[in-house]
Amino acid sequence: MPPTPTAPDTGTTPPSGLATPAAAGAPSVPAATHAPATPEAVRTDAVPTDALAAATALHSPVLAWFDQHARDLPWRRPEAGAWGVMVSEFMLQQTPVSRVLPVYEQWMARWPRPADLAAEAPGEAVRAWGRLGYPRRALRLHGAAVAITERHGGDVPTQHAQLLALPGIGEYTAAAVASFAYGQRHPVLDTNVRRVLARAVTGVQYPPNATTAAERKLARALLPDDAATAARWAAASMELGALVCTAKNENCARCPVTDRCAWRLAGKPEHAGPARRGQTYAGTDRQVRGKLLAVLREAPGAVPQHVLDRVWHEPVQRARALDGLVADGLVEPLPHGMYRLPLT
């Protein structure tokens with residue numbers, strides 16, 4: 001899968017499992033997407049037992065590399081707590097770290113606890129989201145904060161099943177928060193981890209477009225037995241994919257496991273599976289949605305229809321985009337052709 005796109009605010013839903021790591025930048029973790037089966041598919045039944053055993057030899061060099069090269073990011077620090085980890089995981093989906101950092105800092109300063117966010121209107125979350133993109137994430141994060149406040153006394157739950165039961169939390173985010181915030185043992189499969197495992201273990205350039213059962217099985221098989229080490233492994237393999245084993249222009253000379261990478265040892269064969277999906281933005285409904293939301297975020301109150309009409313020249317596409325924002329709960333229609341960010 002390609003690196004996270006940098007398109008402006010859109011309102012579309014991202015594939016799951018695209019966050020960068022939220023583990024400790026220090027040696028320990030603080031306590032606080034669909035394609036048919038092809039030769040490119042990651043299949044553990046095609047990986048011999050001795051190869052899986054050899055794959056576990058990746059742990060030590062990757063962990064040692066992480067100890068030296070992990071980025072110092074605010075959500076990796078102990079003071080971020082589980083809420084800071086959760087906020088970062090929502091923001092980092094489909095969005096690069098450089099764009100997330102300023103918004104994250106502002107968000108945490110304004111809403112340092114889930115209850116602080118839950119007390120605000122959901123439209124304020126959308127407004128504060130700025131131009132991170134995929135603003136439905138803001139509504140989902142607000143919904144999760146409300147549920148945490150109502151069901152868990154304002155504390156991010158520690159159990160994976162409880163995390164998974166929160167609104168807006170999927171398989172990846174639940175595993176990431178449990179692992180990175182609480183040091184638990186879960187397979188954490190984001191784009192970067194999937195690419196590292198596809199190359200280093202199964203010898204293919206890219207994983208399938210969607211996470212497969214075989215990938216999950218492989219990730220579980222490669223988890224270190226010790227929970228704390230497993231959490232560090234999740235963060236370290238993710239960081240390796242983000243910084244070294246990138247989708248394009250991978251830097252094998254810097255890779256701590258280049259001497260045992262199955263893909264490199266096979267001569268780095270080119271991708272032979274389905275065409276990899278690209279990202280388009282200019283001229284799409286996504287772009288129009290972003291322009292409409294930008295006007296509403298900047299306005300102190302409701303905005304009349306004629307002001308929104310100025311953002312895009314094509315009336316049919318503009319109306320479709322606005323209707324989509326209303327249907328997604330990102331915009332609230334009012335009488336007399338007025339629109340605002342949602343209050344409920």
Side-chain angles (χ1 to χ4, degrees), residues 1-2 4-5 12-23 29 33-37 41-45 75 82-95 100 114 133-134 136-148 151-152 156-198 201-202 206-224 227 230-242 277:
M1 191 172 294
T4 50
T12 58
T13 305
S16 62
L18 298 176
T20 52
V29 176
T33 296
H34 297 291
V42 178
R43 298 176 54 84
T44 55
D45 55 4
W75 46 85
W83 173 240
V85 170
M86 179 176 286
V87 170
S88 75
E89 289 299 334
F90 273 79
M91 290 186 173
L92 288 163
Q93 294 170 19
Q94 292 288 83
T95 311
V100 166
Y134 305 103
R136 274 188 284 184
R137 292 179 294 166
L139 291 183
R140 293 183 178 124
L141 184 51
H142 183 274
V146 171
I148 290 168
R151 304 176 196 171
H152 302 285
V156 176
T158 61
Q159 298 304 309
H160 181 269
Q162 295 174 318
L163 289 164
L164 198 56
L166 294 173
I169 302 289
E171 173 191 359
Y172 166 78
T173 305
V177 174
S179 179
F180 301 150
Y182 295 120
Q184 297 176 13
R185 184 179 183 271
H186 297 281
V188 182
L189 278 172
D190 87 325
T191 303
N192 293 307
V193 175
R194 294 176 62 225
R195 186 170 56 252
V196 167
L197 297 187
V201 181
T202 61
Y206 300 117
N209 286 332
T211 305
T212 65
E215 288 180 279
R216 296 184 183 97
K217 181 179 178 181
L218 174 60
R220 288 193 297 269
L222 291 179
L223 274 179
R232 288 180 60 229
W233 162 252
S237 55
M238 196 176 292
E239 189 81 329
L240 184 64
R277 295 194 298 260

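Bear in mind that the values here come from a model prediction, so they are computed numbers and not experimental data. FYI, side chains are in, hydrogens and waters are out, and symmetry mates aren't considered; it's all heavy atoms of this structure.
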How long is the straight-line distance from OG1 of T202 back to CG of L197, given to the nearest 0.5 Å?
8.0 Å
Kindly compute the distance separating CH2 (W83) from CG (L141), expressed to the nearest 0.5 Å.
4.5 Å
Over 12 non-hydrogen atoms of neighbours within 6.0 angstrom of CD in E171
no
Closest approach of A165 and R151, non-hydrogen atoms and distance?
O-NH1, 3.3 Å
Under 4.5 Å between any side-chain heavy atoms of V85 and Y182, yes or no?
no
Could you check whether any side-chain heavy atom of P224 comes within less than 4.5 Å of a side-chain heavy atom of R185, counting everything from C-beta outward?
no
Value for OH (Y172) from CG (D190), rounded to nearest 0.5 Å, stands at 5.0 Å
Which distance, rounded to the nearest 0.5 Å, do you find between the OG1 of T191 and the CE of M238?
9.0 Å
Quick one: closest heavy-atom pair of P207 and A198, and the distance?
N-CB, 3.9 Å
Atom pair OG1/CG of T158 and L163 - distance to nearest 0.5 Å
7.5 Å
Between the main-chain N or O of A234 and the side-chain N or O of S237, is there a donor-acceptor pair closer than 3.5 Å?
yes
Measure the shortest side-chain to side-chain distance between I169 and V177 over non-hydrogen atoms and say whether it is less than 4.5 angstrom.
no
State, yes or no, whether a side-chain contact exists between L166 and P157 at a heavy-atom distance under 4.5 Å.
yes
Report yes if some heavy atom in the side chain of E215 is under 4.5 Å from a heavy atom in the side chain of P187; otherwise report no.
no
Between P167 and A144, the two heavy atoms sitting closest are O-CB, 3.6 Å
Gap between atom NE2 of H186 and atom CG of L223 - 0.5 Å precision
9.5 Å
M91 versus W75: any side-chain heavy-atom pair under 4.5 Å?
no
Under 4.5 Å between any side-chain heavy atoms of H152 and V156, yes or no?
no
How close do A175 and V188 get, counting heavy atoms only, and between which atoms?
O-CG2, 3.8 Å
R195 to G241 - nearest heavy-atom pair and separation:
NH2-O, 2.9 Å
Would you name the heavy atoms of E89 and Q93 that are closest together and state the gap between them?
O-CG, 3.3 Å
